Amino acid sequence: MKAKKGFNLREICGEQMIVAEGKENIDFSNIISMNESSAYLWKAVAGKEFTPNDLAQLLTDRYEVDLDTALTDAQTLAGQWIKAGIVEP
């Protein structure tokens, strides 16, 4: 999967949020806020092809989490990103 063009991580009022840029991406019904770990993952994979396994590896590299837990969390997050329309499967 890969992040769709035109979706960028920005800090707004102290919060990390995905901001749509360009007319084709504007949808004001869905604001995407990122916590620290999801923002870290987004920055790490922006512009690259990635899998949930890649996200899990990034999580285990940075946080004290076992690989099974990281993979479960990464799969959930990837699914949320796909559902939100900010990544292409």
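Predicted model only: the values in this text are computed from it and were never measured.
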Pairwise distance [atom1]([X]) to [atom2]([Y]) - rounded to 0.5 angstrom:
X: I86; Y: F7; atom1: CD1; atom2: CZ; value: 7.5 Å
X: T51; Y: Q57; atom1: OG1; atom2: CD; value: 10.0 Å
X: K43; Y: Q16; atom1: NZ; atom2: CD; value: 5.0 Å
X: M34; Y: W81; atom1: CE; atom2: CH2; value: 5.0 Å

Ignoring hydrogens, what is the shortest heavy-atom contact between [X] and [Y]? Give both atom names and the distance.
X: A44; Y: L58; result: CB-CD1, 3.7 Å
X: Y63; Y: S37; result: OH-CA, 3.4 Å
X: K4; Y: G85; result: CD-O, 3.2 Å
X: L55; Y: A78; result: CD1-CB, 4.4 Å
X: A70; Y: T60; result: CB-CG2, 3.7 Å
X: K2; Y: G47; result: CE-O, 3.5 Å

Using the side-chain contact (heavy atoms from CB on, under 4.5 Å) rule, take L41 and F50 through it: C-alpha gap first, then chi angles, then the decisive distance, then the call. CA-CA 10 Å; L41 293 173; F50 65 93; over 6 Å; no

Just wondering, more than 12 heavy atoms not from E88 lying within 6.0 Å of its CD?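 Count over threshold, so yes.
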
Tell me whether the count of non-hydrogen atoms from other residues, nucleotides or ligands lying under 6.0 Å of CD in E11 goes above 12.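 Yes, CD of E11 has more than 12 neighbouring heavy atoms, counting only those of other groups under 6.0 Å.
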
Is it the case that one hydrophobic cluster holds both V87 and L71, taking links as side-chain heavy atoms less than 4.5 Å apart, direct or via other members?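 Result: no, two separate clusters.
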
Hey, any chance L9 and L59 share a hydrophobic cluster, counting ILVMFWY side chains that come within less than 4.5 Å of each other, even indirectly?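 Same cluster.
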
Show your working on side-chain contact (heavy atoms from CB on, under 4.5 Å) between R10 and N8 and close with a plain yes or no. CA-CA 6 Å; R10 301 275 188 252; N8 299 301; 3.9 Å; yes

For N53, what residues pass the side chain to side chain donor-acceptor pair (under 3.5 Å) criterion, not counting sequence neighbours?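 Side chain to side chain donor-acceptor pair (under 3.5 Å) check on N53 returns nothing, list empty.
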
So, D73 and T76: side-chain donor and acceptor under 3.5 Å apart, yes or no?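 No donor-acceptor contact under 3.5 Å links the two side chains.
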
What's the verdict on side chain to side chain donor-acceptor pair (under 3.5 Å) for T69 and D66, showing C-alpha distance, side-chain angles and the deciding distance? CA-CA 6 Å; T69 301; D66 64 90; 2.9 Å; yes

Show your working on side-chain contact (heavy atoms from CB on, under 4.5 Å) between I82 and M1 and close with a plain yes or no. CA-CA 9 Å; I82 291 168; M1 68 187 68; 4.1 Å; yes

Could you go through M17 and I12, starting from their C-alpha distance and side-chain angles, then the distance that decides it, and tell me whether this counts as side-chain contact (heavy atoms from CB on, under 4.5 Å)? CA-CA 7 Å; M17 301 188 138; I12 301 172; 4.1 Å; yes

